Amino acid sequence: MNTTRPSRPKGKDSRNEARSFKKEGRASASSAKRPPQRKNAQPIGLPVRKAALQLLEAVLRQGLPLEQVIGRITQGLKQNADRALVHALAAAVLRWCHDLDQLIDSATAKPLAPDVKARMVLRMALAQKLVLKQPAHVAIATVLPLVDGGPRRLVHGVYGSLDRREGVALPEYPTLPDETAYRWEKAWGEPMLAAASRALADQPPVDLTLKNPEETAFWQEKLSGESLFLGHIRLPEGHPPIAELAGYQEGAWWVQDISASLAARLLGKGKNRTILDLCAAPGGKTMQLASQGWQVTAVDIAAKRLTRLHDNLKRMGLSAEVVTADLADYTPKEAVDAILLDAPCSASGIFRRHPDVLYRVSSRIIIDMAEQQKKLLHRASQWVKKGGKLVYAVCSLEPEEGEAVIRDFLAHHSDYRIDSLEKETLPAGLSPSEEGWLRILPENLAEKGGNDGFFIAYFTRYDEKEAK
Ligand SMILES: C[S@@+](CC[C@H](N)C(=O)[O-])C[C@H]1O[C@@H](n2cnc3c(N)ncnc32)[C@H](O)[C@@H]1O
């Protein structure tokens, strides 16, 4: 890696995170001069670093999703601000992990194993200094207690030698880990890889979906946002916390990336027709469908996530029938007018918000998910009325979970045909594929602040004879 390239000024959210860490850095530097007030008192900021270390170990050593473990790991932290710092520090390490490792390896005689504590703590110290812009002495002083009684000298020595070296900096944009980069370049080519790397540098913008798309101009002005599509608002930089924004309490909108909002939006008005929202929790698409006038039955296996779906529906003043069930066992009472299957997937398309997917998602996981997706799609396809609609969606950037699943489905279901999407029905910057489905890549809306990666296909079910 070229360690002498100038670092790019970080975007809005990295700057916000850097500001929070600076404030904390000042407190910890000044308190470091004072003797501790109580016996056994922890240095300022240590609980945050301990939690961030635990989080990184859970993701990088055990392969667990960050969102699955962060609640448990941060439950001892009373302040929201501290929990946010844990997330910011872990996310900074995960975004830049490959590049931080290159720096560490350039300063050790023998490479440290990928998951040893010394490497984890060095990643944190360097991320604090180079990404979150903490003063160099604070960046190391706040993590050294994590290796007390262990590799403290090693961590101090490696950090010190990098700190003294001229021109140590991160590249302009994060380098993707090798396995992910190889997969994505093979599937989508170099421009996608470059766009993904650029998208990874900062926290993505926050998108809202409006309950009533006809109020788009009103909410755009009220929230000083930008709309890329009817019913969509992109919040401006440095917006207040979500729950304090106009329209939150009264249920005028919910948070949903523009890519995730399209599968349900493009189904149009329900006019009281029946729809099964399969794999529905926490309910982003359920709310869209209910607000578009569909009579929704929302099904999901995860009871806890369905509690969030209930809360979301309540806040929005919307209703749906909610069923807790494994789709492998579930059968609806009767056929429906439409089905939206937002299938479980690798979630590699949401790497900007969840950079842990870059390190967790392997070829094995993708193969297993694709098998499950094929089974769920086949099951769901049996419950659509003739003439009804079927939508398949995944927030994945893997063709095995998108295009390949659909090709396999079409080869085995002669009663289904793709409904080709029209470019005019999509936000500017998105186009349907030749086959008629929608593949959304990181570069599609890059100039407007980016988008999650997604795959969506629409089908109509025909009478077998009619289909032939
Ligand atoms: C991509 S998320 C759904 C997001 C949701 N549609 C939304 O818009 O908010 C996938 C969901 O699939 C659910 N799931 C996974 N396996 C399932 C199964 N066998 N049966 C039912 N739901 C399942 C998960 O609990 C998870 O909530």
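Whatever order the structure lists ligands and atoms in, that order sets their numbers, starting from 1. Source: prediction; values computed, not measured.
A salt bridge is absent between R119 and D115; no separation between the charged side-chain nitrogens and carboxylate oxygens falls under 4.0 Å. Ion pairing of R95 with D202 is absent here, as no side-chain N (NZ or NE/NH1/NH2) approaches a carboxylate O to less than 4.0 Å. Salt bridge annotation for D463-K386: absent, with no cationic side-chain nitrogen under 4.0 angstrom from a carboxylate oxygen.
The atoms of ligand 1 that sit less than 4.0 Å from any heavy atom of A302 are 25 (O). For ligand 1, the atoms sitting less than 4.0 Å from at least one non-hydrogen atom of L327 are 18 (C), 19 (N), 20 (N), 21 (C), numbered in the order shown with element in parentheses. Of all atoms in ligand 1, numbered sequentially from 1 with element shown, those under 4.0 Å from a heavy atom of P344 are 15 (C), 16 (N). In summary, the atoms of ligand 1 found under 4.0 Å from a heavy atom of A325, numbered by their order in the structure, are 20 (N), 21 (C). For ligand 1, the atoms lying closer than 4.0 Å to a non-hydrogen atom of D326 are 18 (C), 19 (N), 20 (N).
By the 4.0 Å heavy-atom criterion, A347 is excluded from the residues contacting ligand 1.
For F409 and F459, the ring centers sit closer than 6.0 Å to each other.
With hydrogens left out, the protein atom closest to atom 4 (C) of ligand 1 is A281 O, 3.1 Å, a heavy atom. The protein heavy atom nearest to atom 23 (C) of ligand 1 is I301 CG2, 3.4 Å. The protein non-hydrogen atom at the shortest distance from atom 8 (O) of ligand 1 is K285 NZ, 2.9 Å. Nearest protein neighbour of atom 12 (O) of ligand 1, counting heavy atoms only, is C279 CB, 3.2 Å.
In terms of modelled atom types and a separation under 3.5 Å, the side chain of D277 and the main chain of T297 share no donor-acceptor contact.
Between H378 and H413, the ring planes lie tilted relative to each other; the angle falls in the 30° to 60° range. In this pair, W383 and Y330 present their aromatic rings perpendicular. The plane angle is above 60°, beyond the 30 to 60° band.
Contacts of R305 with ligand 1, taken as heavy-atom pairs under 4.0 Å, involve the side chain alone. Residue-level proximity to ligand 1 for A260 is absent, since no heavy atom of it falls below 4.0 angstrom.
When D300, D342, N312, V299 are ranked by how near their heavy atoms come to atom 6 (N) of ligand 1, first place goes to D342. Looking at G283, G284, A280, it is A280 that brings a heavy atom closest to atom 5 (C) of ligand 1.
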Residues 264-271 side chain polar contacts: donor-acceptor under 3.5 Å, at least two apart:
from, atom 1, to, atom 2, distance (Å)
R265, NH1, Q292, OE1, 3.3

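Stacking of R439 on the aromatic ring of F454 is not recorded, the 6.0 Å distance cut-off and the 45° axial limit not both being met.
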